[in-house]
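FYI, side chains are in, hydrogens and waters are out, and symmetry mates aren't considered; it's all heavy atoms of this structure.
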Amino acid sequence: MEFTRKNNNRQLLSRIATNDGHGENSPYFDGWKAYDSNPFHLTQNPDGVIQMGLAENQLCFDLIKKWVLQNPEASICTAEGVDRFKDIAIFQDYHGLQEFREAVAKFMGRVGGNRVTFDPNRIVMSGGATGANETVMFCLADPGDAFLVPSPYYAGFARDLRWRTGLEIIPVHCKSSNNFRITRQALEEAYEKAQRLNKNVKGVIIANPSNPLGTVLDRDTMRSLVTFINDKKIHLVCDEIYAATVFSSPRFMSIAEIIQDMDCDKDLVHIVYSLSKDMGFPGFRVGIVYSFNDAVVNCARKMSSFGLVSSQTQFLLASMLSDEEFVENFLRQSSKRLAKRHRVFTKGLEQVGISCLKSNAGLFFWMDMRPLLKEQTFEGETELWRVIINEVKLNVSPGLSFNCCEPGWFRVCFANMDDETVEVALDRIRKFVLQGTENAAGAGNKCKRRQKNNLCLSISSSRLYEEGLMSPAHMISPHSPIPQSPLVRART
């Protein structure tokens with residue numbers, strides 16, 4: 001009966017409704033399901049899973065709250081702002097409020113150090129960066145076309161770039177031997193591979209600062225990217241949603257700054273921006289498409305009808321982002337707090353021999369767990385990930401989720417929790433690694449698998465023995481229509 005129902009659905013529904021292209025059957029979302037089924041709470045559920053897979057900036061909401069209380073007229077739902085209620089609540093066209101576009105353009109310039117001026121008339125709204133990325137893809141490519149994406153790359157790109165557009169992703173494999181830098185050679189190899197597969201490459205999309213690496217691109221690399229796409233006559237899309245999360249040198253440079261003094265076709269360059277990461281407002285769904293191509297701006301603006309930012313949100317943010325004193329203080333404090341939190345985590349890991357890629361941006365770091373793998377394979381990475389999720393109870397995201405070509409790397413988010421939770425998370429990691437070291441010393445490298453469900457993990461040249469690993473039997477996420485994934489299925 002169940003099979004018949006599923007078969008009927010496939011006949012009655014669209015390909016989008018029945019395919020798995022959304023990507024929520026990946027380890028990235030599996031970790032969310034584990035957290036959703038057993039969320040950590042300092043007092044109510046201290047043994048729960050700590051969410052370290054969510055890149056969210058919660059470190060400066062005290063500053064936001066203070067501003068809101070001091071500026072009640074910025075909301076149309078207060079006595080001070082209600083006189084604007086009608087003007088904001090009635091129909092607004094898809095260009096958006098002029099004051100909002102001006103404020104966003106100015107904020108983007110401020111984040112880039114005021115080295116470039118953004119034109120408010122090129123600001124196009126969308127429903128978050130997810131909607132903005134998809135809108136750009138719809139504007140630039142047709143179903144079956146391909147985009148080159150340097151890996152490791154954001155796990156959600158599989159959904160954002162290809163699920164509804166029908167595009168394909170061709171990874172540009174970057175390696176730890178040069179700190180995952182994007183090289184011209186790697187770009188050429190990926191482009192040639194696409195040619196051999198008879199794929200029509202329409203462009204390259206990058207995230208700068210990088211998600212998941214937490215690094216910023218240097219000037220030479222960015223100029224090389226622009227030269228590459230100019231030579232191939234393909235597009236360059238720069239996802240800059242983490243631009244204001246840089247907390248130490250080197251500084252962030254927008255692609256808009258780079259192309260100012262280059263002899264290139266600016267019609268091929270496009271930017272995606274958002275306030276979800278820099279300001280910590282993912283719930284406001286503010287995504288921005290900024291293109292130097294008039295045709296793309298016009299098309300994206302028409303498409304924005306399907307994912308506009310509410311006029312109430314625009315009104316509030318226009319006022320907030322126009323407050324230069326607030327913006328200056330917010331960016332300064334956010335940078336300081338991110339730096340401190342990053343330092344607490346990475347130094348804590350160093351104390352137990354866990355290293356991370358050197359980084360200076362983002363809401364996460366790229367943790368090197370290769371010494372802990374039983375074997376240097378993605379199967380070994382997945383087994384280690386299961387231990388961390390089910391035994392250590394930390395939702396960290398494995399490198400496989402980000403299409404990393406080397407097993408053993410994990411993305412760890414650090415800005416979505418309070419200081420007390422940070423201490424609990426660090427304590428769990430320390431105990432996990434130290435217990436393994438002690439067990440290894442006692443076992444003298446003679447750890448063996450004693451039964452099917454046991455796992456033996458390598459710590460440097462030694463072994464860590466864990467018994468009876470069991471995944472939660474049924475994890476359902478409110479973010480996912482998929483009830484169960486093989487990676488979180490109970491092992492029998």
Side-chain angles (χ1 to χ4, degrees), residues 14-16 21 91-98 100-105 108 116-149 154 156-170 199-208 225-226 229-230 232-241 254-256 259 264-276 284-311 313-314:
S14 70
R15 292 177 182 174
I16 287 181
F91 174 77
Q92 308 288 339
D93 71 19
Y94 46 55
H95 288 76
L97 301 178
Q98 179 68 23
F100 172 73
R101 288 186 285 117
E102 290 176 352
V104 169
M108 290 173 65
V116 64
T117 300
F118 290 93
D119 182 357
N121 293 320
R122 293 189 177 277
I123 297 287
V124 180
M125 294 181 297
S126 187
T130 292
N133 275 312
E134 186 186 58
T135 296
V136 172
M137 293 301 110
F138 273 126
C139 291
L140 303 182
D142 294 310
D145 290 342
F147 259 74
L148 306 183
V149 188
Y154 168 49
F157 273 167
R159 170 199 63 205
D160 301 358
L161 307 183
R162 70 183 188 185
W163 183 42
R164 300 197 299 182
T165 64
L167 268 66
E168 296 190 32
I169 290 176
I170 305 294
K199 300 299 180 183
N200 181 32
V201 177
K202 294 301 292 288
V204 180
I205 182 169
I206 61 169
N208 180 38
L225 276 162
V226 174
I229 63 103
N230 207 62
K232 305 295 185 186
K233 294 181 172 56
I234 59 177
H235 295 277
L236 176 61
V237 180
C238 295
D239 184 327
E240 299 184 351
I241 69 172
S254 172
I255 193 66
I259 63 174
C264 64
D265 185 354
K266 293 180 174 60
D267 277 352
L268 298 175
V269 180
H270 323 276
I271 297 171
V272 168
Y273 188 61
S274 168
L275 298 179
S276 297
F284 281 1
R285 308 309 302 146
V286 178
I288 300 297
V289 174
Y290 189 95
S291 177
F292 295 91
N293 187 315
D294 292 342
V296 171
V297 171
N298 291 333
C299 179
R301 183 159 287 137
K302 295 171 186 174
M303 295 188 70
S304 69
S305 296
F306 298 98
L308 288 172
V309 180
S310 76
S311 53
T313 299
Q314 292 182 56

Taking the side chain as every heavy atom from C-beta outward, state whether V296 and L140 have any pair of such atoms under 4.5 Å apart. yes

Which heavy-atom pair separates L97 from S311 by the least distance, and what is that distance? CD1-O, 3.8 Å

Quick one: pull up NE2 in H95 and OG in S304 and give me the separation to the nearest 0.5 Å. 8.5 Å

Would you find a donor on one side and an acceptor on the other, under 3.5 Å apart, between the side chain of R301 and the backbone of I123? yes

Show the nearest heavy-atom pair for residues A132 and I288, with the distance to one decimal. CB-O, 3.8 Å

Are M137 and V237 packed together at the side-chain level, in the sense that at least one heavy-atom pair is separated by less than 4.5 angstrom? yes

Minimum heavy-atom separation for L167 and F147, please, with both atom names. CD2-CD1, 3.7 Å

Heavy-atom side-chain contact between M125 and V104 under 4.5 Å: no

Distance (rounded to the nearest 0.5 Å) between L161 CG and T130 OG1: 9.5 Å

Measure from the side-chain N and O atoms of K266 to the backbone N and O of N293, and report whether any donor-acceptor pair falls under 3.5 Å. no

Using the ring of each side chain (for Trp, its six-membered ring), is F118 parallel, tilted or perpendicular to Y290, with breaks at 30° and 60°? perpendicular

Which heavy atom of C139 sits nearest to which heavy atom of C299, and what is that distance? SG-SG, 3.5 Å

Closer than 4.0 angstrom, basic N to acidic O: yes or no for K202 and D142? no

From I205 atom CD1 to H270 atom NE2, the distance as rounded to the nearest 0.5 Å: 10.5 Å

Using 0.5 Å steps for rounding, measure from the OG1 atom of T135 to the CZ atom of F306. 10.0 Å

Do L268 and I234 make a side-chain contact, defined as non-hydrogen atoms from C-beta onward lying under 4.5 Å apart? no

Where do V204 and V149 land on the side chain to side chain contact (heavy atoms under 4.5 Å, CB included) test, with the steps shown first? CA-CA 6 Å; V204 180; V149 188; over 6 Å; no

Using modelled atom types and a 3.5 Å cut-off, is there a donor and acceptor pairing between side-chain atoms of D239 and backbone atoms of N208? no

Has the side chain of D145 got a donor or acceptor atom that lies under 3.5 Å from a matching backbone atom of A141? no

Go through the steps for S254 and I271 under the test side chain to side chain contact (heavy atoms under 4.5 Å, CB included), then give the verdict. CA-CA 9 Å; S254 172; I271 297 171; 3.9 Å; yes

Verify whether one side chain among T165 and E134 offers a donor that lies under 3.5 Å from an acceptor in the other. no

Do R101 and N121 have side-chain heavy atoms sitting under 4.5 Å apart? yes

Nearest atoms (heavy-atom pairs only) where F138 meets R164: CZ-O, 3.9 Å

Verify the distance criterion only: is there a donor paired with an acceptor across the side chains of D265 and N230 at less than 3.5 Å? no

Closest heavy-atom pair, V297 versus S291, reported as atoms and distance to 0.1 Å, is CG2-O, 3.5 Å

Separation between CZ of R285 and CG of L308, rounded to the nearest 0.5 Å: 13.5 Å

How would you list, by chain and number, every residue that makes a ring-ring contact (aromatic ring centres under 6.0 Å, His included) with Y154, sequence neighbours excluded? F157

Donor-acceptor check, side chain of Q314 to backbone of V309, threshold 3.5 angstrom: yes or no? yes

Is a donor on one side and an acceptor on the other found under 3.5 Å between the side chain of S126 and the backbone of G287? no

Regarding E168 and R162, does a basic nitrogen lie under 4.0 Å from an acidic carboxylate oxygen? no

Can you find a pair of side-chain heavy atoms, one from L236 and one from I255, that are under 4.5 Å apart? yes

Mind checking the CG-CZ spacing from L275 to F284? Nearest 0.5 Å is all I need. 9.5 Å

